[in-house]
Amino acid sequence: MDYINYVLLQGKDVRVLPVENYWLPLTYPWDVLKAQEYFLREADTPSMIDPTASVDGTAFIGSNVVIGPDVVIGEEVELSNCCIYKGAILEGFVRMDGSVLSEGTFVKEGTIVDGNAAANVLLPIAGKGEVAVVPEYKGVFTEKDATVEGFITAPSFVVKGV
């Protein structure tokens, strides 16, 4: 079973939209970033920011970034290759690449996600337990309402309360 089936088994809402001339199995969470990159390229835009988001004027929003509704981005934040869901808050001086932040995620001031280190991560795959995989993106992937802090040097899955 793939990641979408795992999400469904957890009782999460998954929606399907028809797309022509593109196929990408969403097996792993970072596949969201691959699909996002494709759709932004097709829309001829490097990033998308919801009009209800608050982005400090000193923030740098790089390519392949989608910022959802009611997101707050603090001063001197640098983002690239990220998907940030509704209500996430990134305090100031955060550096992040290759990450998916779920709804309500809180990123503390000064957090740096520098995923240069190649590593296996244990990913929960429905029916198989945790499986060691080498992710193609080296950031963080969060559970709803999780908190992220510190200097993160390897791909990480951050759950609420950790």
Side-chain angles (χ1 to χ4, degrees), residues 3-15 26-37 40 47-126 129-162:
Y3 186 72
I4 296 298
N5 287 326
Y6 172 77
V7 171
L8 287 170
L9 289 172
Q10 299 300 311
K12 308 290 184 186
D13 186 29
V14 175
R15 297 177 189 188
L26 295 176
T27 305
Y28 301 109
W30 48 86
D31 290 337
V32 169
L33 294 172
K34 285 185 196 175
Q36 172 179 290
E37 183 177 33
L40 288 174
S47 61
M48 294 179 71
I49 301 173
D50 188 274
T52 63
S54 172
V55 179
D56 188 272
T58 62
F60 173 77
I61 308 302
S63 62
N64 194 28
V65 175
V66 172
I67 298 174
D70 304 318
V71 169
V72 176
I73 305 290
E75 64 180 317
E76 300 291 334
V77 169
E78 293 183 13
L79 300 173
S80 61
N81 198 27
C82 291
C83 182
I84 303 173
Y85 285 86
K86 181 180 181 177
I89 298 172
L90 287 76
E91 291 188 326
F93 307 98
V94 168
R95 307 285 181 270
M96 189 170 291
D97 180 34
S99 298
V100 177
L101 305 181
S102 294
E103 185 176 335
T105 295
F106 178 68
V107 182
K108 291 187 178 181
E109 184 172 333
T111 296
I112 297 175
V113 178
D114 180 9
N116 291 330
N120 287 342
V121 295
L122 293 176
L123 180 66
I125 302 293
E130 290 188 329
V131 177
V133 296
V134 178
E136 294 180 31
Y137 291 93
K138 307 297 185 190
V140 295
F141 298 83
T142 69
E143 179 181 56
K144 181 180 178 182
D145 298 325
T147 298
V148 181
E149 64 181 311
F151 184 57
I152 300 169
T153 61
S156 301
F157 292 89
V158 180
V159 296
K160 185 177 177 179
V162 173

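Heavy-atom basis, side chains included; hydrogens, waters and symmetry copies ignored. The chain is numbered in sequence order, starting from 1.
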Could you list the donor-acceptor pairs under 3.5 angstrom formed between side-chain atoms of residues 104-111 and any protein atom two or more places apart in sequence or on another chain?
unit_1 : atom_1 : unit_2 : atom_2 : d
Thr105 : OG1    : Ser102 : N      : 3.3
Thr105 : OG1    : Ser102 : O      : 2.7
Thr105 : OG1    : Thr142 : OG1    : 2.7
Thr111 : OG1    : Lys108 : O      : 2.7

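- Checked against Asn64 for a side chain to side chain contact (heavy atoms under 4.5 Å, CB included), the options Met48, Gln36, Lys34 give a single hit: Gln36.
- Annotation for Cys82 and Gly98: closest pair SG-N, 4.1 Å, computed over non-hydrogen atoms.
- When all heavy atoms of Ala59 and Gly74 are compared, the pair lying nearest together is CB-O, 4.0 Å.
- Checked options Ile73, Ile89, Val72; the residue passing with Ile84 is Ile73 (criterion: side chain to side chain contact (heavy atoms under 4.5 Å, CB included)).
- Counting all heavy atoms, side chain and backbone alike, Val65 lies closest to Asn81 at CG2-N, 3.7 Å.
- Taken from CD1 in Ile61 to CD1 in Ile49, the straight-line distance is 5.0 Å, to the nearest 0.5 Å.
- Shown here for Val113 and Ser99, the closest heavy-atom pair between the two residues is CG1-OG, 4.1 Å.
- The side chain to side chain donor-acceptor pair (under 3.5 Å) test applied to Ser63 returns no partner, not counting sequence neighbours.
- Leu90 approaches Leu101 most closely through the heavy-atom pair CD1-CD1, 4.0 Å.
- Residue Tyr85 comes nearest to Val100 through the heavy atom pair CE1-CG1, 3.7 Å, listed as atom of the first residue, atom of the second, then distance.
- Residues satisfying the side chain to side chain donor-acceptor pair (under 3.5 Å) test with Glu103, not counting sequence neighbours, are none.
- By the side-chain contact (heavy atoms from CB on, under 4.5 Å) test, Ile112 is found to be paired with Arg95, Asp114, Phe151, residues two or more places apart in sequence or in another chain being considered.
- Note on residues 67-77: no pairs pass salt bridge (Lys or Arg N to Asp or Glu O under 4.0 Å), not counting sequence neighbours.
- Looking at Asp56 and Val77, their side chains never come closer than 4.5 Å, going by heavy atoms from C-beta outward.
- Between the CG atom in Asp97 and the CD atom in Glu78 there is a gap of 10.5 Å [rounded to 0.5 Å].
- For the side chain to side chain donor-acceptor pair (under 3.5 Å) test, residues two or more places apart in sequence or in another chain that qualify with Thr52 are Asp50.
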